[in-house]
Amino acid sequence: MRKMLFYCMVIFLFVSFGQNIFAGGEKESDKPVTLTIATVNNPDMKIMQELSVNFTEETGIELEWLVLPENELRQKVMEDVGLGASSFDVVTLGILEVKSWVDYNWIEPLDNLFASLSPEEAKKYNIDDVVESVREGLSVDEVLFALPFYAETSMIYYRKDLFKEAGLTMPEEPTWEEVYELASQLHDPDNDQYGLILRGLPGWGENMAVFSTIINAFGARWYDENWNAQFNTPEMRQAFETYYKLIKDVCQPGATGTGFTEGMTHMAQGNGAIWYDASVAAGLLNDPDQSQVVGKLGY
């Protein structure tokens with residue numbers, strides 16, 4: 001697997017601005033508080049929304065939600081904060097935005113939040129339990145500006161039952177060429193079975209998050225140490241051509257409309273023999289209420 005996958009972190013995080021709810025100031029006790037939250041429409045954030053009723057019951061703070069696909073969310077939030085509209089108090093975004101948002105003074109540090117906790121409350125949320133590299137990515141000058149809902153890497157999911165029926169074996173460290181050959185033998189679009197499910201939906205949080213790990217596998221990179229673009233290299237060309245070949249020959253139809261959510265739906269419904277995507281989907285694919293392939297997957 002190391003030949004193919006390099007660590008890729010896609011983190012959704014908790015940031016605050018607008019009302020500055022973590023500033024530690026007092027509020028009028030008779031004035032109701034409503035927080036507006038903008039979040040992505042992936043399954044984990046939907047679970048967060050469902051559980052938020054407990055927060056309202058405990059605090060009396062009402063929550064209003066804007067739930068959008070990732071590309072639309074990024075555009076909406078960037079426009080809002082860039083214009084100073086302050087429509088949102090809390091947003092979920094990726095680790096990529098943190099440092100630039102700090103430079104623009106668009107988010108508040110979380111120091112006051114943790115400083116206001118009692119020792120007992122602090123024990124319940126042990127910040128040292130957050131993976132160190134994640135904390136570093138969400139901090140500037142050792143000041144924490146966001147909290148992760150999850151961190152993830154890229155991984156291959158494959159149907160053990162289909163592989164067994166076809167007499168195939170998934171290598172422990174497959175190359176992309178080996179994945180192509182395996183997917184070719186399992187690709188049966190006339191019967192709604194696709195050799196490989198792969199993101200093709202344009203956007204940083206969509207196909208480019210996956211493609212960035214693919215170029216790593218070929219030894220390519222976006223820029224060198226001096227920020228010179230590295231698009232016109234043999235390694236980058238090979239990565240592009242392989243990605244195109246996969247999408248064209250052995251993937252689901254309409255791949256340019258497939259992001260994480262659509263890919264997971266394909267896999268959960270039993271339409272994919274192989275899926276390359278985020279590790280966070282493993283739990284969802286093993287939920288019998290959401291998935292038809294429980295117990296049939298290898299990783």
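Just so we're clear, the structure is a prediction, and the values are computed from it rather than from any experiment.
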Exercise for the section: State whether Glu97 and Arg74 are salt-bridged, where the test is any N-O pair (Lys NZ or Arg NE/NH1/NH2 against Asp/Glu carboxylate O) under 4.0 Å. Expected result: yes
Handout entry: Test log, rule side-chain hydrogen bond (donor to acceptor under 3.5 Å, both in side chains), inputs Tyr180 and Asp249
Key = CA-CA 9 Å; Tyr180 177 83; Asp249 294 348; 2.7 Å; yes
Exercise for the section: Check whether Tyr223 and Met236 end up in the same hydrophobic cluster, where Ile, Leu, Val, Met, Phe, Trp and Tyr are linked by side-chain heavy atoms less than 4.5 Å apart. Expected result: yes
Problem - Main-chain N/O of Gly283 paired to Asp287 side chain as donor or acceptor, under 3.5 Å - result: no
Practice task
Give the ring-plane orientation class for Trp101 versus Trp106, where under 30° counts as parallel, over 60° as perpendicular and anything between as tilted.
Solution key: perpendicular
Practice task
Please report the closest heavy-atom contact between Leu66 and Lys76, naming both atoms and the distance.
Solution key: CD2-CG, 4.0 Å
Practice task
Mind checking the CZ-CD1 spacing from Phe149 to Ile47? Nearest 0.5 Å is all I need.
Solution key: 11.5 Å
Problem - Close side-chain approach of Ile215 to Glu235, heavy-atom, < 4.5 Å - result: no
Exercise for the section: Measure across Ile197 and Gly272 and return the closest heavy-atom pair with its distance rounded to 0.1 Å. Expected result: CG1-CA, 3.8 Å
Can you give each donor-acceptor pair under 3.5 Å made by side-chain atoms of residues 256-263, sequence neighbours left out, with the distance rounded to 0.1 Å?
| residue | atom | partner | partner atom | Å |
| --- | --- | --- | --- | --- |
| Thr258 | OG1 | Gln252 | NE2 | 3.1 |
| Glu262 | OE1 | Gly259 | N | 2.8 |

Practice task
Could you tell me how the ring of Tyr276 sits relative to the ring of Trp176: parallel (under 30°), tilted (30 to 60°) or perpendicular (over 60°)?
Solution key: perpendicular
Practice task
May I have the step-by-step check of side-chain hydrogen bond (donor to acceptor under 3.5 Å, both in side chains) for Glu181 and Gln185, ending in yes or no?
Solution key: CA-CA 7 Å; Glu181 293 300 327; Gln185 297 180 66; 5.5 Å; no
Completion exercise
Closest non-hydrogen atoms of Asp188 and Asn191, given as atom of the first, atom of the second and distance, are OD2-ND2, 2.7 Å
Practice task
Tell me, yes or no, whether the heavy-atom count around Tyr244 atom OH, taken from other residues, nucleotides or ligands under 6.0 Å, exceeds 12.
Solution key: no
Practice task
Step by step, work out the side chain to side chain contact (heavy atoms under 4.5 Å, CB included) result for Trp275 and His266.
Solution key: CA-CA 9 Å; Trp275 183 35; His266 274 303; over 6 Å; no
Exercise for the section: Kindly give the heavy-atom pair with the smallest separation between Leu285 and Tyr157, and that separation in Å. Expected result: CD1-CD2, 3.9 Å
Problem - Main-chain N/O of Ala239 paired to Thr242 side chain as donor or acceptor, under 3.5 Å - result: no
Practice task
For residues Leu284 and Gln290, report the shortest heavy-atom separation together with the two atoms involved.
Solution key: CD2-NE2, 3.8 Å
Handout entry: Worked check of side chain to side chain contact (heavy atoms under 4.5 Å, CB included) between Leu162 and Gln193
Key = CA-CA 10 Å; Leu162 298 181; Gln193 179 179 301; 3.8 Å; yes
Problem - Connected via hydrophobic side-chain network under 4.5 Å: Tyr243 and Phe218 - result: yes
Problem - Minimum-distance pair of heavy atoms, taken over all atoms of Val40 and Met45 - result: O-CB, 3.2 Å
Problem - Lys164 NZ: over 12 foreign heavy atoms closer than 6.0 Å - result: no
Practice task
Determine whether Ile61 and Phe55 make a side-chain contact, defined as any pair of heavy atoms from C-beta on separated by less than 4.5 Å.
Solution key: yes
Problem - Salt bridge flag under 4.0 Å for residues Lys160 and Glu165 - result: no
Handout entry: Chi angles and distances behind the side-chain hydrogen bond (donor to acceptor under 3.5 Å, both in side chains) call for Trp204, Ser212
Key = CA-CA 9 Å; Trp204 160 244; Ser212 292; over 6 Å; no
Practice task
Fit a plane to each ring of Trp222 and Phe240, take the angle between them on a 0 to 90° scale, and name the class: parallel (under 30°), tilted (30 to 60°) or perpendicular (over 60°).
Solution key: perpendicular
